[in-house]
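See structure below.
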Amino acid sequence: RARVLSIIGVVLFESEAAAEAVYEKVPELSRRALLAVLQSLAVDLDGQAKQRVQRLVRTTGLEQFIRRRCGAHRWRIRIQAAQLHHLVDHPDFDRRRLLEDRHPMVAARAAEALTPAQAAAQLDALLPMLSAKDTVVRLAAQQAVLTAGPAAVPRLLIRLRSTVDDPLS
């Protein structure tokens, strides 16, 4: 784990040349240790650090690993994908599948892990979560909608108007 932390530290904080030099060492690392470190990274990484970590996810095969985890039968495996999906930047990645997961912890973790741009793109999935039975899902959805920022306002107004017209919905 110490080796993984050291390599991730170089990827995040060192020069571009230093980061390039360690990318080739990543496939040698324990996948389990690498995933544990990546799961502990803050969702709000931005700029060059985020781009570097996303590149690391793409080039090491972790993107495919995360995609496979999304469809796992066991919720404890899907939750790992929910915690890591923000690192997948490919436009065809289906975040909605995680947000609508039948297990409340998976759906909540997926909502919590959304970046602002991802949250804005997933408002169709997030807004119904505001009425979920599970408190953890409702709170995660509320935070994700706030994360979406001003992009959420028009959709929230439409939702508010519809509930005023039909208070039972």
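Counting begins at 1 with the first residue of the sequence.
For the atom pair CD1 (I79) and CZ (R109), the distance works out to 5.0 Å, reported to the nearest 0.5 Å. Considering CZ of R138 and NZ of K133, their distance stands at 11.5 Å, rounded to 0.5 Å. Separating the CG atom in L114 from the NE2 atom in H85 is a distance of 4.5 Å, to the nearest 0.5 Å. Of the inter-residue distances, the one linking D101 atom CG with R96 atom CZ reads 13.5 Å to the nearest 0.5 angstrom. Here the CD1 atom belonging to I7 is positioned 10.0 Å from the CD atom belonging to E24, to the nearest 0.5 angstrom. The CZ atom of R52 lies 8.5 Å from the CD atom of E14; values are rounded to the nearest 0.5 Å.
The same ILVMFWY cluster, assembled from side-chain heavy atoms under 4.5 Å apart, contains both V53 and L5.
In summary, R58 and D89 engage in a salt bridge, as defined by a charged side-chain N under 4.0 Å from a carboxylate O.
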Original post:
Hey, mind stepping through I8 and L56 against side-chain contact (heavy atoms from CB on, under 4.5 Å) and telling me if it holds?
Top reply: CA-CA 9 Å; I8 295 295; L56 181 101; 3.7 Å; yes
**OP:** Could you check L62 against V88 for side-chain contact (heavy atoms from CB on, under 4.5 Å), going step by step and ending with a plain yes or no?
**Re:** CA-CA 9 Å; L62 286 175; V88 178; over 6 Å; no
Subject >> Worked verdict on Q80 versus R69 for side-chain hydrogen bond (donor to acceptor under 3.5 Å, both in side chains) >> reply: CA-CA 7 Å; Q80 192 174 45; R69 292 260 197 237; 2.6 Å; yes
**OP:** Test side-chain contact (heavy atoms from CB on, under 4.5 Å) on T59 and V26 and set out the steps.
**Re:** CA-CA 9 Å; T59 60; V26 173; over 6 Å; no
**OP:** With side-chain contact (heavy atoms from CB on, under 4.5 Å) as the test, would you mind laying out the steps for L84 and F65 before giving the verdict?
**Re:** CA-CA 10 Å; L84 293 168; F65 181 79; 5.6 Å; no
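With sequence neighbours excluded, the residues that form a salt bridge (Lys or Arg N to Asp or Glu O under 4.0 Å) with E28 are R3.
For the residue pair A125 and E100, the shortest heavy atom distance occurs at CB-OE2, 4.3 Å. Of all the heavy atoms in M129 and A141, the pair that sits closest is CB-CB, 3.5 Å.
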For a quick test of your reading: what N or O donor-acceptor pairs under 3.5 Å do the side chains of residues 30-38 make, sequence neighbours left out?
| residue | atom | partner | partner atom | Å |
| --- | --- | --- | --- | --- |
| S30 | OG | R32 | N | 3.4 |
| S30 | OG | A33 | N | 3.2 |

